[in-house]
Amino acid sequence: MTSRNEPVDFMQLRKRAEALISAAPQTACDLTPDEIKTLVHDLSVHQIELELQNDELLRAQQLIEKSRDDLARLYHQAPVGYLSLNRIGIIERCNRTFANMVGKTCEKLTGKPLADLLEGTDRDIFLGRFRSFFNHPEDKFIDLHFPARGESNGFHGRITASLETNPVEQDDREPRLLMIVQDISEQRIESLIRIKAEQTLKNHDIFVSTLLETIPIPLFYKDTQCRYLGCNEAFKAFTGLTESQLIGKSVFDIAAPEIAIQYDEKDRQLLEHPGSQSYEWKVRAGDGSIRTVVFNKATFNDVDGQLAGIVGAIQDITDLKDLQSTLKQAKDVAEQANRAKSEFLANMSHELRTPMNGVIGMAELLSMSELSEEQQDFVAAIKQSGQNLVKIIGDILDLAKIEADKIELEHELFSLRATIDQLLRLVRPQAQAKGLIIFNRVEPELPDLFWGDAGRLNQILLNLLSNAIKFTQQGCISITVLPGPATDNRLTLCFSVNDTGIGIPHASLHKLFIPFSQVDSSTTRRFGGTGLGLAISKQLVELMGGTISVESVEGSGSTFFVRLPLKLAEDTASIPLPSALITPISEHNPADYCILVVEDNELNLKVLELMLDKLGYRIKTAADGQNALELLKTDDIDLVLMDCSMPVLDGYLTTTKIRAPETGTKKPDIPIIAITARAMYGDKEKCIQTGMNDYLAKPINCS
């Protein structure tokens with residue numbers, strides 16, 4: 001036995017314990033209890049050490065596995081393709097990057113020849129160079145095209161490689177070729193572009209030289225000393241000089257001194273202030289003729305950005321100048337003809353409206369008398385024919401005003417809905433007479449008050465609605481108003497007029513807005529008209545800043561669209577409504593008023609006299625302005641209806657004299673209304689300027 005204080009030889013105890021284990025079962029144990037305890041303790045410690053070592057081994061194994069997984073991820077997620085080939089070119093393994101590049105999976109690629117992924121010449125190149133590449137891959141590469149397969153779009157790849165060997169198994173395993181595949185498609189494109197650019201630059205001099213020689217405009221360029229460096233054939237032909245007479249020479253060498261000084265001064269000015277220069281000049285050409293030309297010159301720099309000289313072009317505008325002179329003469333003749341046309345139309349308007357006033361007036365007076373039903377039909381036909389003639393006259397005058405740019409648009413406050421209602425009241429009887437349904441729709445949320453020319457808007461829409469009724473035999477007609485784009489305080493109103501009429505052939509749509517042009521111009525056409533209405537409407541719409549268009553199907557009807565930008569009426573509570581929107585309420589007894597009619601045409605005088613008599617007014621008449629002045633000095637007159645064109649004293653001068661206090665009329669401020677057959681632009685304004693209060697164009701309607 002050993003004492004507790006004596007040192008224990010653990011190695012000796014282990015040997016004795018091992019001897020006991022290997023001895024026969026009947027062999028007595030010669031270990032003391034303390035030695036057994038020591039041995040058990042030693043074994044426990046050893047077991048703990050083993051467990052710690054086992055834990056360390058497990059952690060090391062986990063780290064190894066994690067590193068292996070990380071390496072595998074890096075391998076498969078690398079931005080380039082990796083693959084291993086054996087000596088005969090079979091793929092033993094590859095990463096997913098390469099698999100994606102060729103549009104396959106790693107499983108399908110393993111065990112397959114790499115050459116099977118190539119085609120044509122690229123396959124032959126790879127097979128021909130593979131053996132040499134396998135044996136000595138250092139500092140070598142192969143560029144190949146991998147065609148599109150599966151989800152791959154195809155790409156140009158560059159292959160580099162190194163031999164991969166296993167040091168432990170080097171003697172019993174052949175080396176493998178570790179290959180890297182890079183997608184060089186972009187670099188290849190850039191290379192091709194660069195090669196193309198280099199080729200283009202090589203051809204540039206030839207191109208510029210050919211271009212200069214083929215351009216028919218004389219071209220030249222000079223250095224900073226104003227010496228000619230070069231020119232094209234057109235310049236030599238224009239000046240009559242050869243290349244040897246120009247190159248290296250200045251303008252003083254080829255032109256007279258007084259002319260050369262002017263040329264040189266222009267060049268020096270351009271060199272002092274680099275940029276461009278353009279001016280007109282008269283020069284003597286090589287054939288001796290004097291030509292009007294335009295010099296267009298500019299400075300140019302060298303590759304270092306330094307001023308290198310002047311390049312110039314000569315444009316011969318002699319023929320253009322002659323043409324401009326001819327065109328100006330033609331324009332003057334055309335303007336003179338247009339003025340003559342306007343004057344002719346004004347005179348024709350006067351000459352036509354004067355007898356038409358008599359025809360329509362007498363027909364209206366006749367309709368107010370006791371007539372048989374047949375006679376009433378005759379009178380109605382006369383009135384309708386007269387109104388049609390007046391409409392034609394009005395259309396021709398409107399067209400003349402537009403062509404002469406003498407249309408002035410009104411700018412007044414008007415009610416959109418009142419305008420539409422008034423329009424429908426005018427056309428509804430015509431529609432109902434043909435058994436047509438006519439209705440309208442105005443977007444409820446649309447504002448009602450706008451600034452603009454309500455009269456011209458009414459004229460445009462009335463024209464469209466009248467045409468719709470004219471060309472529709474059954475069905476319905478509608479007018480719709482919707483809001484369009486809004487900018488600042490302006491809103492675009494979108495009008496559409498739809499009908500179920502005969503429609504318009506697609507090939508004839510282009511004729512609609514051309515003056516005097518009609519879809520059916522044959523002598524057997526069913527519908528009459530001058531073909532002016534839509535042309536006038538289009539020009540009025542465009543004058544108002546809008547657009548007009550049409551959609552039509554032959555046999556199914558048409559839809560006309562008008563888009564007009566109108567100014568919104570802001571703060572309408574503080575804006576006084578126009579008198580047209582307010583219905584005056586007053587009691588009026590015609591017998592209390594005396595009206596003086598001043599008219600030189602006996603028939604028109606008779607018409608007005610009978611109309612006013614029918615209405616119950618007291619009437620006095622005068623055949624000219626002088627007679628009117630005498631009556632106004634002595635009689636109590638309440639209103640003057642004044643013709644403008646009269647002998648002795650016309651309406652304008654008569655009005656001026658009435659207003660003058662020294663004339664001695666009883667009422668210098670008496671209301672005077674012009675009754676005239678002149679309805680051209682400026683006639684109304686002329687009447688107002690001479691002192692008249694209002695203006696009515698003949699023919700006059702009693703109703």
Side-chain angles (χ1 to χ4, degrees), residues 193-332:
I193 292 173
R194 184 172 60 256
I195 293 171
K196 184 67 175 178
E198 290 172 354
Q199 185 65 37
T200 301
L201 288 174
K202 290 178 182 178
N203 295 331
H204 181 69
D205 288 342
I206 299 174
F207 168 75
V208 171
S209 175
T210 305
L211 179 65
L212 288 174
E213 296 306 325
T214 55
I215 290 177
I217 300 173
L219 301 173
F220 64 90
Y221 52 104
K222 302 178 179 181
D223 60 18
T224 54
Q225 302 302 314
C226 299
R227 293 187 297 262
Y228 286 97
L229 296 175
C231 64
N232 64 351
E233 288 296 328
F235 184 84
K236 288 183 280 187
F238 183 79
T239 60
L241 299 173
T242 64
E243 191 168 342
S244 60
Q245 292 175 303
L246 286 168
I247 305 305
K249 305 294 177 62
S250 72
V251 69
F252 291 97
D253 299 318
I254 61 175
E258 61 274 11
I259 298 175
I261 290 173
Q262 298 177 39
Y263 281 124
D264 188 67
E265 183 180 354
K266 286 288 188 182
D267 287 345
R268 299 293 177 186
Q269 289 175 0
L270 182 58
L271 290 170
E272 290 175 6
H273 305 283
S276 60
Q277 187 183 73
S278 180
Y279 54 90
E280 187 177 311
W281 209 296
K282 288 189 179 297
V283 301
R284 185 177 296 278
D287 60 3
S289 62
I290 301 299
R291 311 294 293 178
T292 303
V293 302
V294 172
F295 280 96
N296 291 296
K297 298 188 291 188
T299 55
F300 66 93
N301 298 335
D302 58 21
V303 293
D304 297 323
Q306 300 298 315
L307 182 63
I310 297 172
V311 61
I314 300 174
Q315 184 179 3
D316 189 343
I317 61 170
T318 307
D319 295 338
L320 180 61
K321 284 286 188 180
D322 294 342
L323 178 61
Q324 287 176 344
S325 177
T326 303
L327 288 175
K328 185 179 183 305
Q329 293 175 5
K331 180 174 178 289
D332 293 340

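No hydrogens, no waters, no symmetry mates; every other heavy atom, side chains included, goes into these values.
Here Leu271 contributes atom CG and Asp223 contributes atom CG; the two are 9.0 Å apart, rounded to the nearest 0.5 Å. Note that the CD1 atom of Ile259 and the CG atom of Asp264 stand 13.5 Å from one another [nearest 0.5 Å]. Atoms OH and CG, from Tyr279 and Asn296 in turn, are 9.5 Å apart once rounded to the nearest 0.5 Å. Annotation: the span from Asp253 atom CG to Tyr228 atom OH amounts to 10.0 Å, rounded to 0.5 Å. We find the CG-CG distance between Leu327 and Asp322 to be 11.0 Å, quoted to the nearest 0.5 Å. Rounding to the nearest 0.5 Å gives a distance of 9.0 Å between NZ of Lys297 and CD of Gln269.
For Gln329, the side-chain contact (heavy atoms from CB on, under 4.5 Å) partners at least two apart in sequence or on another chain are Ser325. Residues passing the side-chain contact (heavy atoms from CB on, under 4.5 Å) test with Ile247 are Glu243, sequence neighbours excluded.
Using a 4.5 Å cut-off on side-chain heavy atoms (C-beta onward), Arg284 and Ile290 make contact. For the pair Ser278/Val294, a side-chain contact is recorded, criterion being any heavy-atom separation below 4.5 Å from C-beta on. Side-chain contact check for Gln199 versus Ile195: every heavy-atom pair is 4.5 Å or farther apart. For the pair Phe238 and Asp316, the minimum side-chain heavy-atom distance is below 4.5 Å. Within the 4.5 Å cutoff, the side chain of Val311 has no heavy atoms near those of the Leu219 side chain.
Shown here for Cys226 and Asp267, the closest heavy-atom pair between the two residues is SG-CB, 3.8 Å. In terms of heavy-atom proximity, Ser244 sits nearest to Lys249 at O-NZ, 3.7 Å. Shown here for Ala234 and Pro216, the closest heavy-atom pair between the two residues is CB-O, 3.4 Å. Scanning all heavy atoms of the two residues, the minimum distance from Glu213 to Cys231 falls at OE2-O, 3.8 Å. Closest approach of Lys236 and Thr242 over heavy atoms only: CD-C, 4.2 Å. Residues Arg291 and Ala285 approach most closely at CG-CB, 3.9 Å, considering heavy atoms.
Using a 4.0 Å cut-off between charged nitrogen and carboxylate oxygen, Arg268 and Glu265 do not count as a salt-bridge pair.
For Lys266 and Phe295, the positive end is not near the middle of the six-membered ring at less than 6.0 Å and at most 45° from its axis.
Checking side-chain atoms of Asn232 against main-chain N and O of Ile217 turns up a donor-acceptor pair under 3.5 Å. A side-chain donor-acceptor contact under 3.5 Å links Thr299 to the backbone of Gly275.
The aromatic rings of Tyr263 and Trp281 lie parallel to each other, with less than 30° between the two planes, well short of the 60° mark.
Residue Thr292 is tested with Gln315, Lys282, Glu280 for a side chain to side chain donor-acceptor pair (under 3.5 Å); the sole match is Lys282.
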